[in-house]
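Everything on this sheet refers to the single structure shown next.
Basis for what follows: all heavy atoms, side chains included, without hydrogens, waters or symmetry-related copies. Every number for a ligand or one of its atoms is a count from 1 in the order of the listing.
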Amino acid sequence: MDFLESFKLVGKNALVTGGAKGLGKSLSKALSDAGANVIIVDVDEEEAKQTIKELSANGEHLALKADITNEKEVSDAIKIIIEKYKHISILVNNAGICQRIETENMSLEDWKRTFDINVNAMFLVSKYVYPNMRDNGGGSIINIASMAGLVSLTYSQSAYNASKGAVVMLTKSLAQEWVGDNIRVNAIAPGFMETDMTKPMFENDGPLSFVLDLVPMKRVGLPHELGGTVILLASEASSFITGTVISIDGGYTII
Ligand SMILES: NC(=O)c1ccc[n+]([C@@H]2O[C@H](COP(=O)([O-])OP(=O)(O)OC[C@H]3O[C@@H](n4cnc5c(N)ncnc54)[C@H](O)[C@@H]3O)[C@@H](O)[C@H]2O)c1
């Protein structure tokens, strides 16, 4: 057994939703460094194209524009990817949003928008990728949850917390349904990471010091700190791991 070899992703095709920037960009970079061809599906086409240029020169990468809350756009994008790459062997369901609104002031539209992107789109993309993975020998699905799906974060984000709880249970459900098709489904639950989504926390009047008091490592995470785990979960190195959630949060959820 060559252990280092088992982490390599050469010849694999990885679809990353929301890979244009933030955590998705870093996840895309990690997968391409391990040898995968990366396909980024994002609403922000310009940024996605720019990110593709920054990935490892060895792979055949692609940026596709789609709003993954729209079923037709999802099915069209998957069709294009399958025509070009034949087998989607890795799916990283990463795109997500976080709106901080007190529950009493939240409109139904805002509540639904969070669920549309964080949960419903994850269901849609997984559903449309599944037949291709099944018919081509299987694959690995990695859902980006959050520590907010494991413990309640108090920053006026009930919809986000509830949506990430749903991501955790969707991960376990799909792992169980698709285990017989050689498809593994796992989740990564990041803590506070420095991206556009958490920008308000890093601004002068944001709750950064209060937040850091709750993180045993006393710092926020950097996007590249998810890279090793996504390679692990995408590769043969995790061949006996399915239905699990790996926390990457500086110890926030220890207690
Ligand atoms: N940043 C954090 O601290 C943190 C912590 C835990 C979990 N997460 C999760 O990580 C994931 C990425 O977060 P981020 O901080 O990188 O966010 P981000 O806002 O920096 O990037 C999100 C990306 O998703 C894309 N996107 C948004 N809606 C889309 C849609 N409908 N269709 C297609 N693409 C869409 C955006 O264009 C963008 O490129 C999210 O699921 C988020 O909940 C983030």
Side-chain angles (χ1 to χ4, degrees), residues 15-30 38-52 54 63-74 76-78 91-100 112-125 128 142-153 155 157 159-168 170-171 187-202 206-208 211-212 214-215 219-227 229-230 245-250 252-253:
L15 162 54
V16 181
T17 68
K21 63 178 185 178
L23 302 185
K25 177 173 182 173
S26 203
L27 295 166
S28 299
K29 174 91 173 67
V38 174
I39 306 107
I40 291 177
V41 174
D42 203 296
V43 269
D44 190 340
E45 191 177 21
E46 236 168 76
E47 194 83 25
K49 281 188 174 154
Q50 183 52 43
T51 295
I52 288 298
E54 296 171 35
L64 275 182
K65 181 183 166 71
D67 176 348
I68 58 165
T69 63
N70 180 307
E71 184 163 6
K72 170 108 174 47
E73 290 189 32
V74 169
D76 287 351
I78 303 297
L91 165 62
V92 182
N93 281 310
N94 161 77
I97 58 160
C98 181
Q99 306 180 96
R100 293 193 178 84
K112 283 182 176 168
R113 186 168 154 66
T114 297
F115 270 77
D116 260 354
I117 299 177
N118 294 4
V119 186
N120 301 345
M122 187 175 280
F123 150 73
L124 272 181
V125 177
Y128 278 91
I142 299 141
N143 295 330
I144 305 305
S146 167
M147 64 181 178
L150 304 171
V151 294
S152 168
L153 300 189
Y155 319 104
Q157 50 182 65
Y160 185 76
N161 295 348
S163 75
K164 292 299 183 177
V167 167
V168 168
L170 180 59
T171 300
I188 294 175
F192 292 114
M193 312 293 295
E194 203 170 332
T195 68
D196 280 1
M197 181 182 278
T198 50
K199 232 182 204 162
M201 289 194 173
F202 309 121
L208 187 56
V211 161
L212 289 190
L214 301 171
V215 183
R219 67 176 180 86
V220 292
L222 298 170
H224 76 259
E225 293 184 282
L226 305 185
T229 306
V230 82
V245 181
I246 298 183
S247 295
I248 304 180
D249 61 6
Y252 191 103
T253 50

First locate atom NE2 of His224, then atom NZ of Lys29, and finally report the distance between them rounded to the nearest 0.5 Å.
11.5 Å
Between CZ of Phe192 and CE of Met147, what distance do you get to the nearest 0.5 Å?
3.5 Å
From the candidates [options], the one that places a heavy atom nearest [atom]:
| atom | options | result |
| --- | --- | --- |
| atom 38 (C) of ligand 1 | Ile97, Asp42, Leu64, Asp249 | Asp42 |
| atom 16 (O) of ligand 1 | Leu23, Thr17, Asn94, Thr198 | Leu23 |
| atom 22 (C) of ligand 1 | Gly24, Ser26, Gly22, Gly96 | Gly96 |
| atom 5 (C) of ligand 1 | Ala189, Gly191, Ala66 | Gly191 |
| atom 9 (C) of ligand 1 | Asn70, Ile144, Ile68 | Ile144 |

Report the residues that fulfil salt bridge (charged side-chain N to carboxylate O under 4.0 Å, His left out) with Asp76, sequence neighbours left out, ordered by chain and then residue number.
Lys72
Give the residue, atom name and distance (to 0.1 Å) of the protein heavy atom nearest [atom].
| atom | answer |
| --- | --- |
| atom 13 (O) of ligand 1 | Met197 CE, 3.7 Å |
| atom 6 (C) of ligand 1 | Pro190 O, 3.4 Å |
| atom 1 (N) of ligand 1 | Thr195 OG1, 2.9 Å |
| atom 3 (O) of ligand 1 | Met193 N, 2.8 Å |
| atom 24 (O) of ligand 1 | Gly18 CA, 3.4 Å |
| atom 34 (N) of ligand 1 | Val43 N, 3.4 Å |

Taking 4.0 Å as the limit for heavy-atom contacts, which would you say applies to Ala145 with ligand 1: side chain only, backbone only, both, or neither?
backbone
What part of Glu47, side chain, backbone, both or neither, has a heavy atom within less than 4.0 angstrom of ligand 1?
neither
Determine whether a donor-acceptor pair (N or O, by modelled atom type, separation under 3.5 Å) exists between the side chain of [X] and the backbone of [Y].
| X | Y | result |
| --- | --- | --- |
| Asn118 | Ile97 | yes |
| Asn161 | Leu153 | yes |
| Glu45 | Lys65 | no |
| Asp42 | Ala48 | no |
| Asp249 | Pro190 | no |

Which of the numbered atoms in ligand 1 are below 4.0 angstrom from a heavy atom of [X]?
| X | answer |
| --- | --- |
| Asp67 | 30 (C), 31 (N), 32 (N) |
| Ala20 | 39 (O) |
| Tyr160 | 6 (C), 7 (C), 8 (N), 9 (C), 42 (C), 43 (O) |
| Lys21 | 20 (O), 21 (O), 38 (C), 39 (O) |

Are Asp44 and Lys21 ion-paired here, with the side-chain N under 4.0 Å from a carboxylate O?
no
How about Asp116 and Thr69: does a side-chain donor come under 3.5 Å of a side-chain acceptor?
no
Taking atom types as modelled and ignoring hydrogens, do the side chains of Gln50 and Glu46 form a donor-acceptor contact shorter than 3.5 angstrom?
no
Is it the case that ligand 1 has an N or O less than 3.5 angstrom from some N or O of Phe192?
no
Determine whether any heavy atom of Lys164 lies closer than 4.0 Å to an atom of ligand 1.
yes
Shortest non-hydrogen pair, Asn94 vs Leu27, comes out as OD1-CD1, 3.8 Å
